[in-house]
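Read through the structure below, which is laid out as structure tokens, and then see the notes.
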Amino acid sequence: KKLTNGVYWGGDFEELKSLIKIGKVNIADYKFFVGYSGWDAKQLVDEITGGSWIVVNKINSTNLFSSNPDLLWKQALTSLGGRFRVYSNYPSDPRMN
């Protein structure tokens with residue numbers, strides 16, 4: 001499923017592994033996010049509506065595939081501007097502020 005220009009969700013992982021092995025794709029063009037999150041019915045919608053989450057709709061392939069993945073969240077917050085730009089400079093450990 002295409003999310004935005006140059007960014008897709010899903011695919012055939014076995015086919016990707018085969019293409020990597022024969023050098024048909026550049027591994028730097030792929031990014032995997034591994035983990036698990038779960039919510040009860042409507043819980044996530046309620047949390048987003050209540051302001052518990054920062055939602056970034058301005059995703060693009062340049063930011064997503066930046067050379068330094070540690071900067072992805074900072075870049076996403078900066079793109080929102082305002083108070084989120086300030087949040088982007090907070091230390092990952094608030095005790096270090």
Side-chain angles (χ1 to χ4, degrees):
K1 176 181 175 184
K2 184 175 182 176
L3 299 178
T4 189
N5 194 23
V7 180
Y8 298 84
W9 178 267
D12 185 329
F13 186 62
E14 294 303 318
E15 180 180 359
L16 177 60
K17 289 192 315 187
S18 297
L19 292 171
I20 291 170
K21 283 182 183 177
I22 62 173
K24 292 283 187 179
V25 297
N26 181 354
I27 192 67
D29 291 337
Y30 294 85
K31 187 169 289 260
F32 295 92
F33 297 91
V34 180
Y36 172 80
S37 294
W39 290 268
D40 285 336
K42 297 186 183 178
Q43 180 184 352
L44 181 57
V45 171
D46 290 343
E47 289 178 7
I48 291 171
T49 303
S52 298
W53 291 89
I54 298 170
V55 178
V56 178
N57 293 324
K58 299 177 181 180
I59 192 70
N60 64 56
S61 59
T62 302
N63 286 348
L64 187 59
F65 294 100
S66 73
S67 58
N68 185 348
D70 294 334
L71 295 179
L72 181 59
W73 184 237
K74 181 179 180 64
Q75 290 170 338
L77 288 174
T78 300
S79 75
L80 291 174
R83 67 184 168 112
F84 300 106
R85 183 179 295 270
V86 174
Y87 295 164
S88 74
N89 290 310
Y90 283 11
S92 57
D93 182 346
R95 296 173 296 170
M96 302 303 290
N97 192 8

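None of these values were measured; they are calculated from a predicted model.
Cluster partners of W53, by chain and number: W39, L44, I48, V55. The rule joins Ile, Leu, Val, Met, Phe, Trp and Tyr whenever side-chain heavy atoms lie under 4.5 Å apart.
Between the CD1 atom in I20 and the CD atom in E15 there is a gap of 11.0 Å [rounded to 0.5 Å]. The CD atom of E47 sits 14.5 Å away from atom NZ of K42, with the distance rounded to the nearest 0.5 Å. Here CG of L77 is found 10.0 Å from CZ of R83. Values are rounded to the nearest 0.5 Å.
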Candidate pair L80 and Y87, rule side-chain contact (heavy atoms from CB on, under 4.5 Å), full reasoning: CA-CA 10 Å; L80 291 174; Y87 295 164; over 6 Å; no
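No side-chain heavy atom of V56 sits under 4.5 Å from any side-chain heavy atom of F84.
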Cut-off 3.5 Å, no hydrogens considered: what does the side-chain donor-acceptor table look like for residues 25-34, sequence neighbours left out?
residue, atom, partner, partner atom, Å
N26, OD1, A28, N, 3.0
K31, NZ, L64, O, 3.4

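Under the 3.5 Å distance criterion, the side-chain polar atoms of S88 are matched with a main-chain donor or acceptor of R85.
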